[in-house]
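By convention in this document, chain letters (A, B, ...) are assigned in the order of the sequence lines, proteins followed by strands, and residues within each chain are numbered from 1.
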Amino acid sequence: MKLIMIFISAALINNFVLTYFLGICPFVGVSNKIENALNMGLATTFVMTLTAAVTWPIYTYILVRFNVPFLEYVAFIIAIAALVQLVEMYIRKSSPALYRALGIYLPLITTNCAVLGLALFMVLREYNFVESIIFGFATGAGFTLAIVMMSGIREELEFADIPKPFQGISVTLIIAGMMALAFMGFAGLMRG
Amino acid sequence: MTITGLIIVSAVSMGGLGAVLAVFLAFADKKFKVTEDPRIEAVLGILPNTNCGGCGYPGCRMLAEAIANGNAPANTCVAGGNDVAKKLAALMGVEAKDHKRMLAVVLCKGGGKEAGKRAQYTGDRTCTAANLTGGDKSCTYGCLGYGECVDACKFDAMAMNANSLPVVFYDKCVGCGACARACPRDIIEMHPEEHRLFVYCRNKDKGAASRKVCDVACIACGLCVKDCSVLGGIALKDNLATVNYALAPQSDESTKRCPTKCIFSGIEDQMTKSRFEAAEPQRAGRKAV
């Protein structure tokens with residue numbers, strides 16, 4: 001039951017993009033086409049799940065054990081960078097087509113604050129290993145949901161008659177704000 | 001724990017973590033090694049690696065892949081010019097085709113002195129932002145003067161002069177077109193270097209209106225059209241004299257009578273970087289604002 005709560009909480013109620021405003025850069029930058037947005041979302045979900053699986057042992061068995069938990073930022077950033085590198089190598093080897101489709105977005109996940117935020121929240125909320133992995137996967141799912149919804153709206157916007165000062169990023173940010181308001185409707189769905 | 005102990009533990013744990021991940025990545029690199037066409041690296045070594053985007057590919061690496069696969073001709077790189085084209089042709093074993101040098105031409109002469117202002121602009125000091133409001137100049141077609149083209153130039157080939165107009169250094173310009181893409185008013189055009197005759201104005205308003213806002217605007221009087229030695233060499237289009245480069249002679253015999261001197265021959269007297277530095281030492285390599 002607690003795992004389901006963590007999942008729904010991270011994916012909907014406390015959606016990283018629309019509630020904590022983390023990972024706005026790819027949310028705005030890669031949301032112009034549904035296909036790209038979905039690929040980006042899936043890659044991020046994958047990295048987030050792996051991040052949770054790797055950073056939890058690092059935190060518990062290295063940082064806490066040697067009593068240096070203040071090094072979490074440095075340790076997490078190193079681990080995330082290495083992970084993204086690994087994922088990039090793997091995708092390049094296994095699926096050149098996907099590698100080309102993801103292009104620059106793959107290395108960009110390294111600097112995605114949502115991934116670091118995930119690792120930090122995981123520590124802050126004192127999740128255990130399984131909960132952390134569920135949390136990582138749910139956060140990625142929430143990110144994918146938000147970015148795909150955004151890209152769907154933006155594809156329709158291509159045909160809308162937008163006043164000149166609002167075109168491009170401006171209208172995207174306004175829509176992001178509206179989506180964030182809509183997601184506030186999930187607040188109070190459940191506690192936790 | 002003492003502070004020394006803490007430092008040692010931190011250094012060892014972080015260093016250890018880094019080392020473990022490094023070894024892990026090195027192993028993964030071996031395992032997931034992708035064998036690539038070695039020519040891609042060779043081509044990339046010859047390309048300028050400035051990632052200017054002038055060729056139309058996202059970066060030099062993409063172009064290198066295209067050239068190595070035979071999807072792009074060896075003279076695609078605009079920034080490299082003839083040298084790079086020849087080297088690439090030799091590497092790829094294809095016949096060297098001459099690279100056509102393109103140059104950027106700023107088609108506006110209405111700087112601070114010539115063009116009037118209609119308002120004070122206090123917004124973000126970029127051309128794109130100023131263009132959204134219509135700009136502070138009375139002429140809504142002319143150069144805004146905030147130097148976005150100069151910022152876009154990766155080859156140190158542009159600067160803003162004291163009159164708030166961009167100047168292109170023709171010894172440095174490689175013709176990548178970054179400035180032309182950066183300009184929100186499309187004032188900068190890319191031309192082959194043989195082109196000499198230009199109408200340095202973009203104002204499409206009727207003569208009386210354009211004369212009012214700028215001293216050097218094209219007022220569409222049609223004198224150059226009449227005087228041109230080749231029929232159809234210069235035509236009036238949208239209240240603007242337009243040169244037909246296939247026909248018109250590139251000397252300025254036909255443009256002597258232009259009342260506002262907005263059409264003439266010569267690309268800014270072939271301005272070079274050293275000349276600009278001699279004329280305006282304090283402005284070289286700097287933005288307008």
- [ ] Among A:I78, A:L63, A:I62, A:L71, single out the residue with the greatest number of heavy-atom pairs under 4.5 Å to chain B.
- [x] A:L71
Is it true that atom [atom1] of [X] has more than 12 heavy atoms of other residues, nucleotides or ligands lying nearer than 6.0 Å?
{"X": "A:F137", "atom1": "CZ", "answer": "no"}
{"X": "A:Y90", "atom1": "OH", "answer": "no"}
{"X": "A:E35", "atom1": "CD", "answer": "no"}
{"X": "B:R185", "atom1": "CZ", "answer": "yes"}
{"X": "A:R65", "atom1": "CZ", "answer": "no"}

Task: Contacting region of B:L21 [heavy-atom separation from chain A under 4.5 Å] - done: side chain
Are the side chains of [X] and [Y] in touch, meaning some heavy atoms are under 4.5 Å apart?
{"X": "A:L86", "Y": "B:L25", "answer": "yes"}
{"X": "B:T133", "Y": "A:K164", "answer": "no"}
{"X": "B:S10", "Y": "A:F70", "answer": "yes"}
{"X": "A:I91", "Y": "B:F32", "answer": "no"}

Please name the pair of heavy atoms, one in [X] and one in [Y], separated by the smallest distance, quoted to 0.1 Å.
{"X": "A:M89", "Y": "B:A28", "answer": "SD-C, 3.9 Å"}
{"X": "B:L132", "Y": "A:P165", "answer": "CD2-CA, 4.2 Å"}
{"X": "A:K93", "Y": "B:K31", "answer": "CE-O, 4.5 Å"}

Task: Candidate pair A:N67 and B:V9, rule side chain to side chain contact (heavy atoms under 4.5 Å, CB included), full reasoning - done: CA-CA 9 Å; A:N67 204 16; B:V9 169; over 6 Å; no
Open item on the list: Heavy-atom cut-off 4.5 Å, strictly under: side chain, backbone, both or neither for A:L83 against chain B?
Closed with: neither
Open item on the list: Counting heavy-atom pairs under 4.5 Å with chain A, which one of B:V20, B:V12, B:L17 comes out on top?
Closed with: B:L17
